[in-house]
2 protein chains.
Amino acid sequence: MTFSEENYLKSIYALQKEHPKGVSTNVLSKYLDTKPASATEMIKKLDEKGLVHYQPYQGVILKDSGAVSALKIIRKHRLWETFLANKLDFSWDEIHDVAEQLEHIKSDKLIRELDKFLGYPKHDPHGDPIPDEEGNVVKMEKKRVSQLNPGDIGTCIGVNDTSSSFLQFLDQQNIRLGSVIHILSVQEFDKSMTVRIDDRELLLSQIATEHIYVRV
Amino acid sequence: MTFSEENYLKSIYALQKEHPKGVSTNVLSKYLDTKPASATEMIKKLDEKGLVHYQPYQGVILKDSGAVSALKIIRKHRLWETFLANKLDFSWDEIHDVAEQLEHIKSDKLIRELDKFLGYPKHDPHGDPIPDEEGNVVKMEKKRVSQLNPGDIGTCIGVNDTSSSFLQFLDQQNIRLGSVIHILSVQEFDKSMTVRIDDRELLLSQIATEHIYVRV
DNA sequence: TATATTTTTTAGGTTTGCCTAAATTTTAAT
DNA sequence: ATTAAAATTTAGGCAAACCTAAAAAATATA
Ligand SMILES: [Mn+2]
Ligand SMILES: [Mn+2]
Ligand SMILES: [Mn+2]
Ligand SMILES: [Mn+2]
């Protein structure tokens with residue numbers, strides 16, 4: 001499987017949650033920063049290989065074999081992210097881009113040994129679960145901060161946006177995995193929230209509250 | 001720089017020692033398992049980029065900029081080999097192929113951090129020196145076992161053949177970096193040598209003695 | 001030196017993954 | 001139900017990296 005095929009599979013997997021009845025070439029190409037025509041081509045090829053189900057004009061969904069392939073790449077991506085953050089001095093906003101390259105290295109032994117070396121981690125540095133060798137993922141019960149109400153308390157377990165700018169913002173605000181977030185109040189007009197973290201009060205925009213996941 | 005360009009530069013660097021006045025497209029393509037016509041094409045491109053000096057029919061040699069690029073890839077290759085052997089449970093005959101992929105990952109920070117994590121190693125698991133960030137290599141005084149005479153003593157510091165079959169042979173014979181080799185006798189007709197290693201006598205073929213490097 | 005052999009280059013193709021522009025289909029708006 | 005707009009596919013191209021076969025140059029042999 002080529003790098004490009006792997007990236008398409010991984011992207012379809014990610015987009016399927018939001019588009020369960022079919023990921024359109026438009027959405028897919030936007031996500032991958034290519035053009036719809038390129039997505040159509042690639043989807044056709046993946047369909048011929050039996051990895052996806054494609055109906056012209058109806059979008060694409062992964063077949064089981066395609067989902068397993070996608071999860072293997074996601075497993076590699078998250079193990080490498082864990083390596084970069086835990087063993088090397090990478091911060092959580094720096095790891096994604098490098099893992100985007102490392103995830104395509106082909107060696108079953110490498111990924112087994114890496115997993116062992118890292119102590120069989122269950123989650124990557126952004127709080128996302130690491131699939132096992134067969135592609136099984138334990139999906140956590142999680143809510144967005146935006147779904148909480150004043151008085152609620154949540155523990156940060158992940159983020160929904162791995163852009164450098166957002167992760168650096170969280171660093172500045174001392175928000176990390178495990179941070180306990182108390183919801184104090186919600187502004188009616190813009191849905192921004194006042195919260196307390198480590199005895200510090202701060203205001204989070206709606207965008208921010210939608211990108212932070214908590215366990216309640 | 002593409003993977004392919006990097007592989008060509010690295011190959012030219014390796015072959016230059018044996019072909020100082022120019023690496024032919026024939027030699028180069030054989031080394032890379034491609035065809036001479038493909039080598040000609042690539043060499044032309046590298047020449048246009050100012051990385052090599054190419055005279056039609058006269059072979060190719062690296063310019064300074066090309067040598068620096070090659071050494072950066074070699075540095076990455078050897079650091080990754082060291083990681084696989086020292087941190088993960090890879091044996092020295094398994095590391096080369098995976099490092100051949102890892103060497104192409106683009107991230108200056110990654111390689112700096114990896115170097116730090118490994119404790120700034122000076123040599124890879126095959127005994128080859130690891131170039132520094134500027135591409136400086138310390139070249140060791142070394143001889144092939146085949147160049148020694150009865151009575152000589154050498155310490156194994158490297159090998160000239162990283163094929164699995166050869167490295168597994170060395171493993172079986174308990175020959176590794178640091179092994180002290182006493183030359184006992186040389187057969188006239190086939191240049192095979194009887195040597196002593198760790199109080200064990202054994203016979204090495206000429207091929208073997210030419211592929212083991214020692215410090216005397 | 002003339003001829004034969006080998007090496008190297010050139011010419012023309014193929015595959016992968018991308019693109020733009022045009023045609024088609026679907027969806028939304030009158 | 002028509003028509004307008006948007007999404008999607010098709011058609012035709014391009015660049016990278018490979019290939020085979022033919023032409024050209026260099027080298028070896030007679
Ligand atoms: Mn990531
Ligand atoms: Mn990727
Ligand atoms: Mn190697
Ligand atoms: Mn390589």
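Letters A, B, ... are given to chains in the order of the sequence lines, protein chains preceding strands, and every chain is numbered from 1.
- Reading DNA chain D from its 5' end, the first and the last nucleotide to sit under 4.0 Å from a heavy atom of chain A are dA7(D) to dT10(D).
- Base engagement by Ala37(B) is indicated by at least one non-hydrogen atom pair under 4.0 Å involving a base atom.
- Here dT27(C) presents its P atom at 11 Å from OH of Tyr57(A), a figure rounded to the nearest Å.
- In this structure, CG of Leu46(A) is placed 9 Å from P of dG17(C), rounded to the nearest angstrom.
- Rounded to whole Å, atom P of dG17(C) lies 11 Å from atom CE of Met1(A).
- Glu5(A) has a carboxylate O that lies under 4.0 Å from a charged side-chain N of Lys49(A), or vice versa, which qualifies the two as a salt bridge.
- Geometrically, Lys87(A) engages Phe117(A) in a cation-pi contact, judged by NZ or CZ lying under 6.0 Å from the ring centre and within 45° of the ring axis.
- Over its length, the helix from dT1(C)-dA30(D) to dT30(C)-dA1(D) turns its helix axis by 10°, as judged from the five terminal pairs at each end, rounded to 10°.
- Glu41(B) places its CD atom 12 Å from the P atom of dT9(C), with the value rounded to the nearest Å.
- In this structure, Glu103(B) does not pair ionically with Arg75(B), as no charged nitrogen and carboxylate oxygen lie closer than 4.0 Å.
- Base engagement by Ser38(A) is indicated by at least one non-hydrogen atom pair under 4.0 Å involving a base atom.
- When heavy atoms are screened at a 4.0 angstrom cut-off, Phe3(B) is found touching no nucleic acid atom at all.
- One interatomic measurement links the two molecules: CG of Asn26(B) to C1' of dT9(C), which rounds to 12 Å at whole-angstrom precision.
- Under a 4.0 Å N-O distance rule, the pair Glu6(A)/Lys72(A) does not qualify as a salt bridge.
- Closest contact between the side chain of Ser4(A) and the listed nucleotides dT25(C), dT8(C), dC18(C) involves dC18(C).
- The pair Lys109(A)-Glu94(B) counts as a salt bridge, with a side-chain nitrogen and a carboxylate oxygen less than 4.0 angstrom apart.
- Using a 4.0 Å cut-off between charged side-chain N and carboxylate O, Lys191(A) and Glu210(A) make no salt bridge.
- Each of Ile43(B) and Gln58(A) has a nearest nucleotide on DNA chain C; the 5'-most of these lies closest to Ile43(B).
- Applying side-chain contact (heavy atoms from CB on, under 4.5 Å) to Ile212(B) and the options Asp161(B), Ile157(B), Leu170(B) leaves one that passes, Leu170(B).
- Using a 4.0 Å heavy-atom criterion, one finds that Lys30(A) contacts no nucleic acid atom at all.
- Between Asp89(A) and Lys116(B), at least one side-chain N (NZ, or NE/NH1/NH2) sits under 4.0 Å from a carboxylate O, which counts as a salt bridge.
- An OP1 or OP2 oxygen of dT16(C) is reached within less than 4.0 angstrom by no side-chain nitrogen or oxygen of Tyr8(A).
- Note: CG (Asp33(A)) to P (dC18(C)) measures 11 Å, nearest angstrom.
- The minimum heavy-atom distance linking Ile183(A) with Met193(A) is given by the pair CG2-CE, 4.0 Å.
- Lys45(A) has its NZ atom 6 Å from the C1' atom of dT16(C), to the nearest Å.
- Between dT7(C) and Thr25(B), no contact under 4.0 Å exists linking OP1 or OP2 to a side-chain N or O.
- Under the 4.0 Å criterion applied to side-chain N and carboxylate O atoms, Lys45(B) and Glu48(B) are not assigned as salt-bridge partners.
- Following rounding to the nearest Å, Leu9(A) (CG) and dG17(C) (C1') show an atom-to-atom distance of 15 Å.
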